[in-house]
Amino acid sequence: MRLSLDLLGGGAVTAAGLDLRQTCDALVAGLSGATVTLLAEPMGAEQAVARVPAHWGLRLEPRPWLVALAARALRETLREAGEAPPGGRALLLVPPERTREHPAMAEGSAEALLHEVAEAARLPAHNASRALDGGAAAAMGALAFAQEALDRGEAGEVVILAVDSRVNDHDLGRLGAARRLLDDDNPQGMIPGEGAAALRLRPRAGGRVAVLGVGTTREPDT
């Protein structure tokens, strides 16, 4: 799909960095921020995870923790954005996909999470804002939704914001049962992580960084 968008800025909070610059520098240096945690099942087993460094008290409840991660990335994105352009600034939020039954999403809808994050970052409500189901893949599709909203004049800018955490007993148990976690017997397994990232976009106007297209495909063998 062809796109015509200027990338104005962004924000991030990950295990490798608490803002966009730290995260990018860590990726260039090959640093993942992975640490070891103990699993509840099997009890005491060690598992590598990519956990955002924070006081343990901040992650006691899954819903506020996702809001905190998302709001931090969103605030960074808006820090030097200035006043919203004519048409306002819409937010496209990509939360954990519904099929995963993430513990944070059991406490309210994705749309409610969008309002909680926007309020925490003091982003005014916008009629074109929406939550997109589908997990990581939906973040790619969000670029097409952003282009459509801008082309129709529904917003002057769009912020795409994705947030997730697989560092919880529910996801760790599910991934362990499916034998998808990295361990001595599965060197190609995944390291569960968490974080949030955002991009601020507008219609193409000759900016220094442009998004000109997105390609997708489907893998039949999961």
Side-chain angles (χ1 to χ4, degrees), residues 10-74 76 93-108 110 113 116-117 120 131-140 161-198 218-222:
V13 53
T14 69
L18 296 180
D19 60 25
L20 182 61
R21 182 178 295 275
Q22 289 179 11
T23 296
C24 290
D25 287 348
L27 290 175
V28 171
L31 304 175
S32 68
T35 58
V36 174
T37 191
L38 297 180
L39 298 178
E41 182 62 38
M43 182 175 292
E46 293 185 344
Q47 175 62 48
V49 297
R51 170 178 280 163
V52 172
H55 189 275
W56 63 269
L58 297 177
R59 59 174 77 250
L60 287 176
E61 299 295 333
R63 181 83 168 199
W65 178 236
L66 279 195
V67 172
L69 292 176
R72 184 182 180 98
L74 182 54
E76 183 186 0
L93 177 68
V94 183
E97 58 269 42
R98 186 179 303 132
T99 55
R100 269 179 46 213
E101 299 180 343
H102 192 283
M105 305 312 295
E107 301 175 31
L113 182 67
E116 293 167 31
V117 171
L132 304 175
D133 188 39
M140 300 296 290
L161 171 63
V163 62
D164 201 350
S165 174
R166 296 179 188 266
V167 189
N168 59 77
D169 290 343
H170 175 76
D171 276 317
L172 291 173
R174 177 178 57 82
L175 293 168
R179 298 188 56 79
R180 292 187 59 196
L181 294 175
L182 175 70
D183 58 29
D184 293 339
D185 296 326
N186 187 16
Q188 300 301 317
M190 67 178 292
I191 297 177
E194 62 185 2
R218 181 179 296 274
E219 171 56 62
D221 299 318
T222 63

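Throughout, numbering of the chain's residues begins at 1 and tracks the sequence.
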Please report the shortest heavy-atom distance between [X] and [Y], naming the atom on each side.
{"X": "A15", "Y": "S32", "answer": "CB-O, 3.9 Å"}
{"X": "L175", "Y": "P192", "answer": "CD1-CG, 4.3 Å"}
{"X": "T23", "Y": "A12", "answer": "OG1-CB, 4.2 Å"}
{"X": "A120", "Y": "V67", "answer": "CB-CG1, 4.2 Å"}
{"X": "L161", "Y": "L74", "answer": "CD2-CB, 4.1 Å"}
{"X": "D171", "Y": "R174", "answer": "OD1-NH2, 2.6 Å"}

Distance-only check: which donor-acceptor pairs under 3.5 Å involve side-chain atoms of residues 46-53, not counting sequence neighbours?
unit_1 : atom_1 : unit_2 : atom_2 : d
Q47    : NE2    : L182   : O      : 3.3

Are [X] and [Y] close enough that some pair of their side-chain heavy atoms sits under 4.5 Å apart?
{"X": "H170", "Y": "R100", "result": "no"}
{"X": "R63", "Y": "E116", "result": "yes"}
{"X": "L31", "Y": "D25", "result": "no"}
{"X": "D185", "Y": "R179", "result": "yes"}
{"X": "P96", "Y": "L66", "result": "yes"}

Rounded distance [0.5 Å steps], [atom1] in [X] versus [atom2] in [Y]:
{"X": "M140", "Y": "L132", "atom1": "CE", "atom2": "CG", "value": "13.5 Å"}
{"X": "M105", "Y": "E97", "atom1": "CE", "atom2": "CD", "value": "10.5 Å"}
{"X": "E194", "Y": "R59", "atom1": "CD", "atom2": "CZ", "value": "4.5 Å"}
{"X": "M43", "Y": "L38", "atom1": "CE", "atom2": "CG", "value": "10.5 Å"}
{"X": "D183", "Y": "I191", "atom1": "CG", "atom2": "CD1", "value": "11.0 Å"}
{"X": "D169", "Y": "L39", "atom1": "CG", "atom2": "CG", "value": "8.0 Å"}

Quiz item: Who are the side-chain hydrogen bond (donor to acceptor under 3.5 Å, both in side chains) partners of E76, not counting sequence neighbours?
Solution: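 E76 satisfies side-chain hydrogen bond (donor to acceptor under 3.5 Å, both in side chains) with no residue once adjacent residues are dropped.
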
Quiz prompt | Candidate pair V163 and L93, rule side chain to side chain contact (heavy atoms under 4.5 Å, CB included), full reasoning | solution = CA-CA 8 Å; V163 62; L93 177 68; 4.2 Å; yes

